[in-house]
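Here is the structure we will look at, set down as structure tokens.
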Amino acid sequence: YGLSCNASLGTTAVALLLVENVYYIINVGDSRVYYLKEGINQMTADQTFVQREMDLGRMTFEEAKIHPKRNILLQCVGASSVIGPDFYVGEYQPDSVFMMCSDGFCHVIQPGEFYSRLKPGCLTREEKMKEAAIYFTELNKSRGEEDNMSVVLIRAY
């Protein structure tokens with residue numbers, strides 16, 4: 001820990017594998033996986049300076065949102081000499097949704113806003129999933145988000 005990716009070029013990475021109602025997640029940086037079923041749950045923790053400070057009780061969520069080091073990654077692929085990814089394993093329920101996204105996709109949108117359009121009952125077809133991804137991309141841009149935005153929606157049956 002302690003490396004700033006602003007010093008060198010690097011990227012974040014998050015991967016999700018679903019096998020027989022078990023999810024496997026690997027994460028480096030601040031891309032995220034959310035799970036949507038009866039609500040929305042962030043499955044990954046950001047590997048950032050402000051997240052570490054919040055975990056240690058030295059910073060509040062409100063302070064982290066405006067802190068000058070809020071974009072400092074502690075690890076990233078390509079710039080960190082050694083990577084310590086976080087791993088997550090658990091069970092998921094049928095008819096649930098996973099959202100994998102870059103941090104820029106979720107800076108200015110609240111979890112409840114995502115859930116209102118991404119809950120499993122709303123995403124019954126691939127077309128609906130594409131519409132929802134476009135809607136949130138445009139909403140991000142209209143709210144002034146300037147960070148990169150990537151999103152993948154996965155409906156688990």
Side-chain angles (χ1 to χ4, degrees), residues 1-17 23 25-37 39-88 96-120 122-123 125-156:
Y1 288 125
L3 174 70
S4 165
C5 286
N6 292 335
S8 338
L9 293 178
T11 190
T12 65
V14 67
L16 171 68
L17 175 64
Y23 65 81
I25 301 171
I26 185 171
N27 183 52
V28 176
D30 62 354
S31 289
R32 296 178 175 176
V33 175
Y34 289 88
Y35 176 71
L36 298 96
K37 180 64 176 164
I40 183 169
N41 182 36
Q42 184 176 334
M43 306 296 287
T44 56
D46 296 345
Q47 294 179 336
T48 59
F49 171 80
V50 295
Q51 183 65 56
R52 182 182 65 191
E53 295 302 297
M54 287 189 300
D55 292 347
L56 295 172
R58 297 189 294 221
M59 186 180 296
T60 65
F61 179 75
E62 290 73 28
E63 291 170 329
K65 288 193 303 188
I66 60 171
H67 196 278
K69 293 184 178 180
R70 68 186 171 276
N71 295 322
I72 302 295
L73 297 172
L74 299 178
Q75 298 190 93
C76 57
V77 178
S80 301
S81 59
V82 176
I83 299 172
D86 291 333
F87 296 93
Y88 307 87
S96 53
V97 173
F98 288 88
M99 178 174 74
M100 301 169 59
C101 62
S102 62
D103 65 316
F105 194 76
C106 50
H107 281 160
V108 295
I109 299 177
Q110 299 301 311
E113 292 177 278
F114 282 124
Y115 186 71
S116 69
R117 287 188 179 249
L118 300 181
K119 58 188 166 191
C122 294
L123 300 182
R125 298 187 326 267
E126 183 179 347
E127 178 182 300
K128 293 287 187 186
M129 295 172 82
K130 182 177 179 180
E131 288 173 6
I134 291 169
Y135 169 82
F136 284 115
T137 300
E138 294 303 317
L139 181 61
N140 266 303
K141 290 193 267 184
S142 74
R143 291 184 179 175
E145 180 59 61
E146 295 178 354
D147 202 347
N148 63 341
M149 290 180 264
S150 300
V151 66
V152 173
L153 297 172
I154 299 167
R155 169 97 186 200

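We number each residue from 1, following the sequence as shown.
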Measure the CZ-NZ distance between Arg117 and Lys128 for me, rounded to the nearest 0.5 Å. 9.5 Å

If we only count heavy atoms from C-beta on, is the Val33 to Phe98 side-chain gap below 4.5 Å? yes

What's the verdict on salt bridge (Lys or Arg N to Asp or Glu O under 4.0 Å) for Glu62 and Lys65, showing C-alpha distance, side-chain angles and the deciding distance? CA-CA 5 Å; Glu62 290 73 28; Lys65 288 193 303 188; 5.6 Å; no

With a 6.0 Å cut-off on ring centres, are Phe114 and Phe105 close enough? yes

In Å, rounded to the nearest 0.5 Å, how long is the span from NZ of Lys141 to CD of Glu138? 4.0 Å

What are the two closest heavy atoms between Ser102 and Ser31, and how far apart are they? CA-OG, 3.8 Å

Closest approach of Met54 to Ala64 (non-hydrogen atoms, all atoms of both residues): SD-CB, 3.7 Å

Measuring only between side-chain heavy atoms, which start at C-beta, is Asp103 closer than 4.5 Å to Asn148? yes

If you look at every heavy atom in Val28 and Pro85, which pair is closest and at what distance? CG2-CB, 3.6 Å

Would you kindly say whether Asp30 and Gln47 are connected by a side-chain donor-acceptor distance under 3.5 Å? no

How long is the straight-line distance from CG of Asn27 back to CG of Asp46, given to the nearest 0.5 Å? 7.5 Å

For Thr11 and Cys76, the nearest pair of non-hydrogen atoms, with its separation, is O-CB, 3.3 Å

Quick check against the 3.5 Å criterion: does Glu113 have a side-chain atom that pairs as donor or acceptor with the backbone of Gln110? yes

Verdict with reasoning, Ile40 to Tyr35, per side-chain contact (heavy atoms from CB on, under 4.5 Å): CA-CA 6 Å; Ile40 183 169; Tyr35 176 71; over 6 Å; no

Please examine the side chains of Thr44 and Ile25, heavy atoms only from C-beta on, and report whether any two atoms are closer than 4.5 Å. yes

Lys37 NZ: over 12 foreign heavy atoms closer than 6.0 Å: yes

With a 4.5 Å cut-off on side-chain heavy atoms, are Asp55 and Arg52 touching? no

Inter-residue atom distance Tyr23.OH - Leu16.CG, 0.5 Å rounding: 10.0 Å

Ignoring hydrogens and geometry, is there a side-chain-to-backbone donor-acceptor pair from Gln51 to Thr48 under 3.5 Å? no

Side chains of Leu118 and Leu153, heavy atoms from C-beta outward: is any pair under 4.5 Å? yes

Measuring from atom CG of Leu123 to atom CD of Glu131, what distance do you get when rounded to the nearest 0.5 angstrom? 10.0 Å

For residues Phe136 and Val151, determine if any side-chain heavy atom of one lies less than 4.5 Å from a side-chain heavy atom of the other. no

Any side-chain heavy atom of Thr12 sitting closer than 4.5 Å to one from Val77? no

Given 3.5 Å as the limit, does a donor-acceptor pair link the side chain of Gln75 with the main chain of Gly84, or not? yes

Taking the side chain as C-beta and beyond, is there a heavy-atom pair between His107 and Asp147 under 4.5 Å? yes

Just by modelled atom types, is the Ser96 backbone N or O under 3.5 Å from a matching donor or acceptor in the Arg155 side chain? no

Steps toward side-chain contact (heavy atoms from CB on, under 4.5 Å) verdict (Met100, Arg32): CA-CA 6 Å; Met100 301 169 59; Arg32 296 178 175 176; over 6 Å; no

Go through the steps for Glu127 and Arg125 under the test salt bridge (Lys or Arg N to Asp or Glu O under 4.0 Å), then give the verdict. CA-CA 5 Å; Glu127 178 182 300; Arg125 298 187 326 267; 3.4 Å; yes

Worked check of side-chain contact (heavy atoms from CB on, under 4.5 Å) between Ile109 and Cys106: CA-CA 5 Å; Ile109 299 177; Cys106 50; 5.9 Å; no

Mark yes or no: Arg70 above the aromatic ring of Phe49, with NZ or CZ under 6.0 Å from the six-membered ring centre and no more than 45 degrees from the axis. no

